[in-house]
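So the structure is just underneath, and the comments pick up after that.
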There are 2 protein chains.
Amino acid sequence: MKSAVQTEDLAAKFKALADPSRVRILELLKKPSCCAVDVPGGLCACDIEGQLDLSQPTISHHMKVLREAGLVEASKIGQWMWYRRNEKAITELAEAIRSAV
Amino acid sequence: MKSAVQTEDLAAKFKALADPSRVRILELLKKPSCCAVDVPGGLCACDIEGQLDLSQPTISHHMKVLREAGLVEASKIGQWMWYRRNEKAITELAEAIRSAV
DNA sequence: TCTTCATATCGATATCTATCAATACACTGT
DNA sequence: ACAGTGTATTGATAGATATCGATATGAAGA
């Protein structure tokens, strides 16, 4: 039987995806980088903000949720935050949903 | 680009999984049937209730959420509701999370 | 140091959700 | 018809969440 922590952890990750804006953000992060940070893959917060019609604090909140769920990673580069998908965690979640859940 | 309805639909499915009790229910539904309904796979509501330490109305609520998300199917057999996983929808969601999201 | 820009945090609020007790509904056997 | 059983709905409530404006933090450049 699955442990309670595993179940809780799965639910927490799904909760992070349980919002259209956050699903959209994960879509956007698939695109090649187009922000000031010259790194392939990922985006910085201002670019995400430019595409979602949400306020800057709201975007910041969503990124925090995605990060704490482990689905997105972030690094500070200069004054920008560079966000990118954690493909490993995403793939593991996809596996869990099919077999383990 | 993904359409808004697709994004909304994905988020709706994730929202259905964004609760430990409902993740647990999907686990339970993997087990072979052990309820009065003599059909392989799936469970009836009373069996789920017996394993989750939640009230009957709460279980009923969770099953409704899972059904409306399309992740679980239900049939009435006599006075029992027979619930089973919609493996097709679950697999599609697993695909979406990895590639499309 | 001062200003500017990018991002995070705070405080407030409206909406949503999980939960239960009570009740209604539906099916079965007597 | 009636009683019993399984499930759904209703109504209420406590807690969570998405959102924003205002403000704070932090980094870069003049």
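Just so it is clear: chains get the letters A, B, ... in the order the sequence lines come, proteins before strands, and each one is counted from 1. The figures here come from the full heavy-atom set of this structure, side chains too, leaving out hydrogens, waters and symmetry mates.
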Between [atom2] of [N] and [atom1] of [X], the distance in whole Å:
{"X": "B/Ile59", "N": "C/dT17", "atom1": "CD1", "atom2": "P", "result": "18 Å"}
{"X": "B/Ile25", "N": "C/dA18", "atom1": "CD1", "atom2": "C1'", "result": "12 Å"}
{"X": "A/Lys76", "N": "C/dA8", "atom1": "NZ", "atom2": "P", "result": "7 Å"}
{"X": "B/Arg24", "N": "C/dT19", "atom1": "CZ", "atom2": "C1'", "result": "18 Å"}
{"X": "A/Gln79", "N": "C/dT7", "atom1": "CD", "atom2": "C1'", "result": "9 Å"}
{"X": "A/Tyr83", "N": "C/dA6", "atom1": "OH", "atom2": "C1'", "result": "10 Å"}
{"X": "B/Glu68", "N": "C/dA18", "atom1": "CD", "atom2": "P", "result": "12 Å"}

Item checked: Sugar-phosphate, base or nothing in reach of B/His61, heavy atoms under 4.0 Å -> base
Margin query: With a 4.0 Å limit, can you tell me whether A/Lys15 has a side-chain N or O closer than that to the phosphate oxygens OP1/OP2 of C/dT17?
Written below: no
Note to self: Please confirm whether the shortest side-chain N or O distance from B/Ser55 to OP1 or OP2 of C/dT19 is below 4.0 Å.
What the structure shows: no
Next item on the list: By nearest nucleotide on DNA chain D, pick out whichever of B/Pro57 and A/Thr58 is the more 5' one.
Entry: B/Pro57
If the condition is side-chain contact (heavy atoms from CB on, under 4.5 Å), which residues does [X] pass it with, not counting sequence neighbours?
{"X": "A/Asn86", "value": "A/Glu73, A/Lys88, A/Ala89"}
{"X": "A/Ala45", "value": "A/Tyr83"}
{"X": "B/Gln56", "value": "B/Glu49, B/Ser60"}
{"X": "A/Thr58", "value": "A/Leu54, A/Ser55, A/His62"}

Check: Is A/Glu95 paired with B/Arg98 through a side-chain N to carboxylate O contact shorter than 4.0 Å?
Finding: yes
Next item on the list: Check whether the side chain of A/Gln56 and the base of C/dA8 form a donor-acceptor pair under 3.5 Å.
Entry: yes
Checklist line | Shortest side-chain distance from B/His62, nucleotide among C/dT7, C/dT28, C/dT19 | finding: C/dT19
Next item on the list: Find out whether A/Leu17 and A/Lys13 are in side-chain contact, i.e. whether some heavy atom of one side chain is under 4.5 Å from a heavy atom of the other.
Entry: no
Margin query: Return whichever of A/Ser60 or B/Asp19 has its heavy-atom-nearest nucleotide of DNA chain C closer to the 5' end.
Written below: A/Ser60
Next item on the list: May I have all residue pairs that pass salt bridge (Lys or Arg N to Asp or Glu O under 4.0 Å) and include part of residues 56-70 of chain B, sequence neighbours excluded?
Entry: none
Checklist line | Bounds of contact between DNA chain D and chain A, in 5' to 3' order, using a heavy-atom cut-off under 4.0 Å | finding: D/dT17 to D/dA28
